[in-house]
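As the structure is a prediction and not an experimental result, all values here were calculated from the model.
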Amino acid sequence: MSEALIELREVSRRFGTPNGALSRLLGQRPAPIVHAVDHVSLSIRPGEVVGLVGESGCGKSTLGRLAAGILKPSDGQVFWRGRDRADFQAAALKSARLGVQMIFQDPQSSLNPRLRVAEIIGEAPRVHGLIGPEGFDAYVDAQMRRAGLDPTLKRRYPHQFSGGQRQRIGIARALAVQPDMLVCDESVAALDVSIQAQIINLFLDLRTELNLTCLFISHDLGVVEHVSDRVAIMYLGRIVEEAPAEVVFSHPNHPYTQALLAEVPRLENRRSHFGAIQGELPSPLHPPPGCHFHPRCPHAMPRCKVEIPKLREIAPGQKSACHLNDVA
Amino acid sequence: MLLWFLRRLLQAMFVMLAMSLIVFIGLHAIGNPVDILISPEADQAERARIITQLGFDKPLWQQYAYFLQGALHGDLGRSFVFNEPALQLILQRMPATLELAVTAVLLSVLVGLPLGLFAGLYPNSFAGRAVMAGSILGFSLPGFWVGLMLIMVFAVSLGWLPSSGRGTTAALFGVQWSFLTRDGLAHLVLPALNLSLFNISLVLRLARAGVRETMPLDYIRFARAKGLSPTRVVFVHVLRNILIPVVTVVGLELGSTIAFSVVTESVFAWPGMGKLIIDSINVLDRPVIVAYLMIVVVMFVTINLVVDLLYTALDPRVRLGGRA
Amino acid sequence: MAVLEKPVAAPRARPREQSPFARIAGDFAQSPVAIAGLVVIVVIILLAVTASLIAPQNPYDLAQLDIMDGRLPPGSSSADGLTFWLGTDDQGRDMLSGILYGLRISLIVGAGSALVAGLVGTSLGLTAAYAGGRVEAAIMRLVDLQLSFPAILVALMILAALGKGVVNVMLALVIVEWASYARTARGAALAERAREYIEAAECLALPKWRVVFRHLLPNCLPPLIVIGTIQVARAIALEATLSFLGLGVPITEPSLGLLIANGYQYMLSGKYWISFYPGIALLVTIMAINLVGDQLRDVLNPRLQR
Amino acid sequence: AQNVTVAVGAAVGSIDPHYYTLTPNTSLDANVFERLVETDAQARPMPGLATSWKLVDDRTWELKLRDASFHDGTPFTAEDVAYTIARVPTVVNSPGSFAIYTRPITGVEIVDAHTIRLSTANVYPLLPTDLAQLFIIPHKLGANPTTEDFNSGKNAIGTGPYRFVSYKPGDRIELERNDGYWGTKPAWQHITYRMITNDAARTAAMLSGDVAMIDQVPTADIARLRADKGVSLWETVSLRIIYLALDQGRDGPTPFVTGPNGEILAKNPLKDLRVRQALSIAINRPAIVQRVMEGAAIPSAQFLPPGSFSYVPGLVPPPTDIAKAKALLAAAGFPNGLKITLHGSNDRYLNDAKIVQAIGQMWTRIGVQTAVETQPWSSYAGHATKLEYSVFLQGWSISSGEASNPLRALVATFDAAKGRGTVNRGRYSNPALDSLIDKAVSTADDGAREALLIQATRMAMDDVAIIPLHNQKNTWATRAGFTYVPRADEETRAYDLRPAN
Amino acid sequence: MTLELRDLHTHFDTRVGALRAVDGVSLSVRRGEVLGLVGESGSGKSVTGFSIIGLVDPPGRIVSGQVLFQGRDITGLPEPELRKLRGNRIAMIFQDPMMTLNPVLRIDTQRIETVRAHDNVSHVVARTRARDALGQVGIPSPDERLSSYPHQFSGGMRQRVAIAIALLHNPALIIADEPTTALDVTIQAQILAVVQKLAAERGTSLLWITHDLSVVAGLADRVAVMYAGRIVESGSVDAVLDRPMHHYTAGLIGSVPSRNKRGAKLLQIPGMTPSPLDRPAGCAFRTRCSAATETCAQEPPLTMPEPDRTLRCFHPVRI
Ligand SMILES: Nc1ncnc2c1ncn2[C@@H]1O[C@H](COP(=O)(O)OP(=O)(O)OP(=O)(O)O)[C@@H](O)[C@H]1O
Ligand SMILES: Nc1ncnc2c1ncn2[C@@H]1O[C@H](COP(=O)(O)OP(=O)(O)OP(=O)(O)O)[C@@H](O)[C@H]1O
Ligand SMILES: [Mg+2]
Ligand SMILES: [Mg+2]
């Protein structure tokens with residue numbers, strides 16, 4: 001196992017609820033806390049693509065933002081190339097931050113509508129001195145071409161592009177600062193099937209070309225299965241299972257993973273009988289105690305209600321957090 | 001709740017403190033009340049006597065300290081002109097202003113909201129555009145001018161309404177109100193209209209913008225897809241939504257309407273606080289000005305509180321604290 | 001079928017190289033009323049700028065006035081043959097000249113104070129939104145304080161402390177107005193701040209000031225521009241009110257507002273022109289500004305964009 | 001009609017007749033309370049609660065009191081007079097104390113219920129004039145009656161033709177006829193005094209018939225009201241003089257007068273009589289009266305209007321003479337004129353801002369480039385009091401109706417100890433004039449005193465101590481069918497309003 | 001036949017010209033049948049749905065064609081008549097469950113008003129009916145839930161509430177415009193289960209709009225593929241998904257990840273969807289089609305290569 005490029009060690013991130021009129025009304029009373037990410041450990045080796053799957057609101061994006069350094073963890077540490085990111089000093093911090101870039105879910109809102117494409121892509125390299133003023137145009141052209149965009153369009157504004165092209169602009173912007181790692185936060189979710197295929201192909205190309213490390217966040221299991229080396233399954237702020245992709249899709253261990261896989265609609269399954277895990281996604285404001293999944297779990301035991309299961313290695317390379325594994 | 005209330009109170013106190021300080025310094029900059037107040041007939045000895053009596057011989061900071069001392073005991077000083085407690089003077093005049101301002105705000109909602117709905121529902125119709133253009137009149141003509149026009153048309157030429165002043169009043173809860181009598185109402189109409197013109201435009205514009213933003217939303221389409229009548233869609237689904245910004249803004253405007261009814265009150269000889277304050281400013285009657293501003297601050301804070309509560313009542317979403 | 005060799009061409013129907021400005025201008029041109037408003041504004045500005053060249057009289061020069069020409073109805077002529085097309089005021093000032101010069105002052109006062117208040121208020125509002133915490137609380141309390149302070153008192157204090165004059169009137173208006181900009185800017189910035197492009201900029205480790213002024217600010221401009229057009233109008237009207245209360249610009253250099261205020265007392269006596277014509281000029285000006293502002297608001301509102 | 005509404009243009013601030021020497025207050029009080037000495041419409045003394053007064057010796061006055069009774073039925077006696085005189089100086093916080101009128105009185109002696117003797121320290125011929133300012137209140141109010149109790153009506157007990165009913169500050173005062181009044185019965189059962197301070201609103205109230213009478217008719221509306229058949233106008237020349245004060249206190253440069261190119265002058269040109277004369281004769285007073293005041297004033301060259309005690313016969317405004325003014329300036333060493341900033345208030349006197357502008361026009365024609373600056377009284381007054389201006393507009397209401405008052409207040413040398421020159425804000429000083437004034441005020445004989453006052457007035461005016469502009473006229477408007485007696489002292493009395501015929 | 005569209009054209013008048021959002025759509029839905037309508041974003045699926053219930057707002061309008069509902073043409077019906085159908089005989093469910101319910105009105109208000117819009121019943125009766133419908137979509141303890149506000153529900157629950165509202169009057173046709181796109185797989189499965197049961201038990205017809213082929217595969221009986229405002233291919237699910245005849249359909253199926261080798265590049269359709277303002281004449285797909293020839297510049301006719309199957313293509317995919 002080569003050394004991890006990035007390692008999240010027991011990171012947590014909590015949010016207070018936004019300051020609405022009522023919470024103002026309630027004043028100083030301790031604001032409800034969301035444990036968006038709850039003691040999560042995850043390490044990613046150079047060149048690896050890790051898929052992160054989970055229901056909406058389970059904390060995938062927050063984890064991605066923690067990895068990208070946009071958010072600071074409330075607890076825990078993030079190690080970048082073996083060093084705690086909290087210890088970095090100014091210049092090193094900057095290069096560490098540039099080392100991980102994020103590609104956002106919504107190609108519309110992640111581009112500043114008032115900047116031209118060339119500025120969007122070229123601003124950061126210029127500001128950080130990666131290129132001088134004279135090399136600007138050539139550099140931007142190269143970045144655009146690499147992302148599959150026609151450089152003659154660089155004087156346009158984001159709104160003049162289609163969704164797929166906008167996502168390419170986002171990719172070009174991220175790659176322009178020559179990162180080692182990308183966090184792709186549902187980067188294809190907003191796109192059409194046919195465009196989605198184009199963007200996934202672009203990722204696959206870039207990955208081989210630049211040997212990029214990737215944290216690939218998605219709730220589309222099909223896509224994750226296709227691109228990832230390793231997959232982590234998240235439920236309400238915690239990672240419940242983590243294993244190489246083939247293992248997860250062939251031998252899911254955690255009941256949640258199993259349910260998830262059972263319900264993925266597939267082209268092959270005609271007139272299938274849908275009958276889902278019952279129960280609603282619990283509110284992250286008031287997560288159930290013990291194992292978060294127990295209210296919906298068909299195998300729940302009394303112990304699940306009180307004790308948080310640990311994420312343990314249950315087979316080589318496969319980790320799962322479920323008390324059932326102790327029983328078996 | 002209590003904590004929140006205390007915090008609001010603290011904020012209000014802070015603002016009041018800052019306000020009183022600014023007023024002391026500001027009024028000092030404007031001029032010396034002595035020069036204006038003291039009767040010109042008075043000779044130098046008489047002047048000196050009054051100056052000491054009113055404490056103007058002391059340095060400003062000392063006068064301020066005295067004021068603070070009094071304020072802590074609920075005494076905001078006595079008016080130089082009226083020789084009555086400043087607070088009492090203002091409270092005496094408050095019902096008149098409140099009544100005027102509340103009527104004006106009501107009027108602005110009653111007139112502005114329907115017009116705004118109309119203009120929003122038919123943005124391209126001639127009438128819709130005309131309403132919008134007309135609404136500009138509401139804030140482009142100086143209030144004093146419009147006020148006089150109203151008097152000229154409705155009182156002098158047509159003789160329908162009295163030209164100025166407050167009419168017969170009747171007591172309610174121990175306070176004199178004019179909206180309880182016919183004569184009082186007649187006197188109220190013109191000044192309230194004058195004062196509400198700006199707010200009518202404001203509400204109208206807000207309502208229109210709200211309709212324009214709400215109409216294309218999915219839930220309005222869904223309501224229509226359910227087969228609801230247009231009336232229900234507009235007056236239940238759309239209206240409930242646009243009421244939220246309207247209430248917020250109208251609430252805040254009620255505060256400024258009260259605070260700035262000065263011009264209307266002077267044009268219509270309306271015996272409210274606004275008239276008192278402008279007269280007091282003219283003679284630098286400091287205790288009255290300070291007390292007035294204190295009350296305005298308290299009023300602002302109270303109104304903000306009520307608006308917040310109303311907001312919570314109107315928009316169930318804020319209960320969770322998460323405004324999308 | 002590799003994409004890399006063949007960059008995707010843009011969809012053909014998209015108009016070429018259209019900047020947001022060009023688009024806004026295009027959309028703006030949709031409304032003939034707004035265009036008319038814009039034309040009126042341009043004409044008014046031209047009239048104001050060239051007032052000294054086209055006005056029959058210099059209404060600010062006491063030597064050119066004669067009270068014996070005072071309060072003449074429109075169309076009368078003076079002893080030395082000057083025709084007063086819109087009549088004269090009580091000082092024998094030609095109303096037409098007075099309006100032209102007054103327009104200039106009103107526009108300078110209105111636009112100037114709105115601009116300065118806009119700059120100050122916007123910076124404070126953005127700072128509040130971006131910095132959050134104590135800074136935000138302090139700035140917003142200041143806004144509250146300002147909003148509960150009667151404009152007239154502010155103006156009186158400023159004018160008393162600094163004396164009369166156009167600049168001081170503007171200063172007073174700035175102090176009265178900045179708070180609404182700060183509020184608006186903060187509101188807009190709070191909404192924009194949550195957008196992902198701000199996160200993207202932070203992720204790219206761009207300096208803070210750059211994020212605020214290059215990314216945040218331009219996107220908060222639309223509501224500010226709209227507030228701005230309204231505030232220009234409000235400032236002009238407020239200046240008129242200050243004049244009415246004797247706190248406006250110097251009496252010998254009347255603005256539109258002061259002309260109206262001066263004519264106010266002649267309204268009942270039938271000498272309508274002293275107040276009426278400046279009133280019309282003020283109305284037309286503010287109407288035009290607001291028509292343009294209304295259209296701008298619709299054009300700048302992304303939700304209403306086609 | 002038994003109910004009549006009167007609109008006044010200035011707010012009544014207090015019902016306490018001894019709180020503030022302010023015309024709006026005294027004007028209202030005059031309906032409820034009475035004074036020992038009253039004044040007629042032309043401000044000449046006449047019997048009030050005192051039927052007669054005479055000097056028993058140089059320094060002692062004896063007054064015979066009328067048989068009258070207060071609103072509550074208690075008879076009016078000498079005790080009430082003594083009580084009133086004692087109370088006046090004790091009113092706290094009074095910014096305009098009536099004590100200036102009682103201070104000369106050093107002794108009070110009640111001879112009998114209807115006779116009282118007042119003694120003064122010096123010879124003081126003006127005592128009756130002072131007493132004409134003093135409202136009598138009943139002694140049964142006891143020690144330290146408060147202003148609030150007057151406002152609430154508890155203490156508002158006088159002997160006047162109307163009794164007080166209610167007071168709504170800033171709005172209205174209701175009065176009821178006093179049926180036990182000793183004099184001619186008032187015409188109206190019920191009077192409502194409304195305060196409409198906004199000029200246009202007041203005129204509108206008149207035009208719309210909401211009120212039967214207004215005071216302070218705005219000059220702009222006089223023509224219109226005069227043309228209206230439903231309205232009658234009543235006017236009289238006022239005791240208020242509008243004048244320009246000139247800084248003569250500074251020897252060196254005065255702040256707002258410079259050479260024609262803005263150069264600072266070593267010497268204060270206003271100290272040169274020729275300059276003052278030039279400025280005065282440059283002003284076309286009839287034009288101001290006619291165009292700015294719309295006839296509601298008379299051009300003036302002295303303090304008092306014709307017909308007053310101590311009016312200087314033949315002292316009329318100099319004819320406007322631009323050539324002569326220029327010549328005088330040149331003679332004074334300013335052939336190219338001067339540059340002056342003329343200051344004025346804009347909310348204090350009738351048309352004050354317009355007057356200074358008009359003067360600005362006129363001075364420009366003699367080569368004095370004039371800038372005009374106006375301010376609200378609240379800040380103007382302070383600057384004027386601190387003597388910060390060079391040439392500035394002032395007004396003075398001559399409450400006593402004779403020249404000693406303006407002479408002492410406006411042109412006598414400023415002297416705090418002697419209480420002289422209290423509003424001499426130009427700091428004009430002329431010892432000869434001072435002694436003349438001193439002599440006049442201690443001359444008991446009316447004829448001799450008038451001669452002295454005339455002499456003093458002439459001296460001040462010849463020296464252009466101030467530049468008088470005009471005497472205002474006071475104008476009232478009533479609906480047709482009423483008559484009113486216009487008063488020179490600006491007081492609005494419901495008593496003087498009667499049905500025509 | 002519950003619904004039949006005949007050559008429907010819906011256009012939007014824009015500044016730059018008429019935008020042909022729906023450009024000759026013909027399709028039919030039988031009683032109790034689920035028809036999946038798939039296609040790229042912007043291909044006109046939603047506009048087709050809105051055209052059916054007459055909710056195309058200006059500047060849009062139905063230019064020509066017929067909407068036959070239970071045999072009756074409803075395109076020209078006056079608004080009050082249409083309103084009688086809407087929510088009653090034809091119901092619609094929208095894509096975003098967060099946005100379909102009015103956030104400031106209580107759930108029961110929004111449901112009761114729907115009952116009372118079509119049936120003149122008392123408030124109490126309406127309330128009971130509303131509650132029963134909630135139970136049908138599997139919301140536990142509907143009594144308590146009725147008086148909540150939408151924000152107190154999760155997305156899945158809201159979508160079920162919306163479906164429950166659609167069910168209130170036992171409609172003959174439900175138009176579902178991507179109702180599960182915003183939801184998670186587990187919640188999506190719950191919704192699909194409800195819908196499936198419904199079609200089976202009540203004979204309600206469903207027009208299920210989506211761009212997710214996998215969902216269509218699991219749910220629908222027949223599928224219609226839309227491209228650039230037209231139906232390019234339709235037929236039974238098995239036939240179309242297993243043996244696509246239009247090149248666009250084939251490309252779409254080919255780009256689904258599970259059809260490709262793991263980690264390998266996906267098959268993809270080259271190029272972009274043409275702008276609806278500026279479509280190539282003839283077959284709109286020809287610029288991206290590998291089999292395109294000059295013939296394709298002609299309008300491809302609607303053919304019926306197999307029973308119960310339609311196609312618009314000159315060069316169908318050969319299997
Ligand atoms: N800035 C924030 N302030 C407060 N709460 C937040 C914030 N960001 C995220 N949360 C909360 O944290 C939880 C996890 O959010 P996150 O965006 O990471 O979820 P996600 O898995 O990415 O969901 P999705 O699939 O919808 O994007 C949610 O409950 C969300 O409401
Ligand atoms: N109100 C409108 N004004 C102008 N054009 C519109 C309007 N509504 C839809 N369109 C256009 O009509 C075309 C079809 O839109 P429609 O919403 O039906 O697409 P869709 O297939 O439902 O796409 P998606 O999968 O993104 O929902 C699009 O090009 C769209 O831009
Ligand atoms: Mg996310
Ligand atoms: Mg759609």
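- Interface remark: Met206(D) contributes no atoms to any contact with chain B (heavy atom separation under 4.5 Å).
- The two atoms that bring Pro169(D) and Pro271(B) nearest to each other are O-CB, 4.1 Å, heavy atoms only.
- For the atom pair CD1 of Ile15(D) and CZ of Phe82(B), the computed distance is 11.0 Å after rounding to the nearest 0.5 Å.
- If you measure heavy-atom distances from Ala204(D) to chain B, the contacts under 4.5 Å come from both the backbone and the side chain.
- Under the side-chain contact (heavy atoms from CB on, under 4.5 Å) criterion, Val189(B) pairs with Leu161(B), not counting sequence neighbours.
- Interface remark: Ile38(B) contributes backbone and side-chain atoms alike to the contact with chain D (heavy atom separation under 4.5 Å).
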Give each N or O donor-acceptor pair spanning chain D and chain B at a distance under 3.5 Å, with atom names and distance to 0.1 Å, or state none.
residue	atom	partner	partner atom	Å
Tyr19(D)	OH	Phe80(B)	O	2.5
Tyr19(D)	OH	Asn83(B)	N	3.4
Tyr20(D)	OH	Leu37(B)	O	2.4
Thr21(D)	OG1	Ser39(B)	OG	2.9
Asn93(D)	N	Gln53(B)	OE1	2.7
Pro95(D)	O	Ser39(B)	N	3.3
Tyr101(D)	OH	Glu41(B)	OE1	3.3
Arg103(D)	NH1	Asp43(B)	OD2	2.9
Arg103(D)	NH2	Glu46(B)	OE1	2.7
Thr147(D)	OG1	Asn83(B)	ND2	2.8
Glu148(D)	OE1	Arg78(B)	NH2	2.8
Glu148(D)	OE2	Arg78(B)	NH2	3.4
Asn151(D)	ND2	Glu84(B)	OE2	2.6
Pro169(D)	O	Arg93(B)	NE	3.2
Arg172(D)	NH2	Arg166(B)	O	2.6
Arg194(D)	NH2	Ser164(B)	O	2.8
Arg194(D)	NH2	Ser164(B)	OG	3.2
Thr197(D)	OG1	Lys275(B)	NZ	2.9
Asp210(D)	OD2	Ser163(B)	N	2.7
Asp210(D)	OD2	Ser163(B)	OG	2.9
Ser399(D)	OG	Glu41(B)	OE1	3.1
Ser399(D)	OG	Glu41(B)	OE2	3.3
Arg420(D)	O	Gln44(B)	NE2	3.2

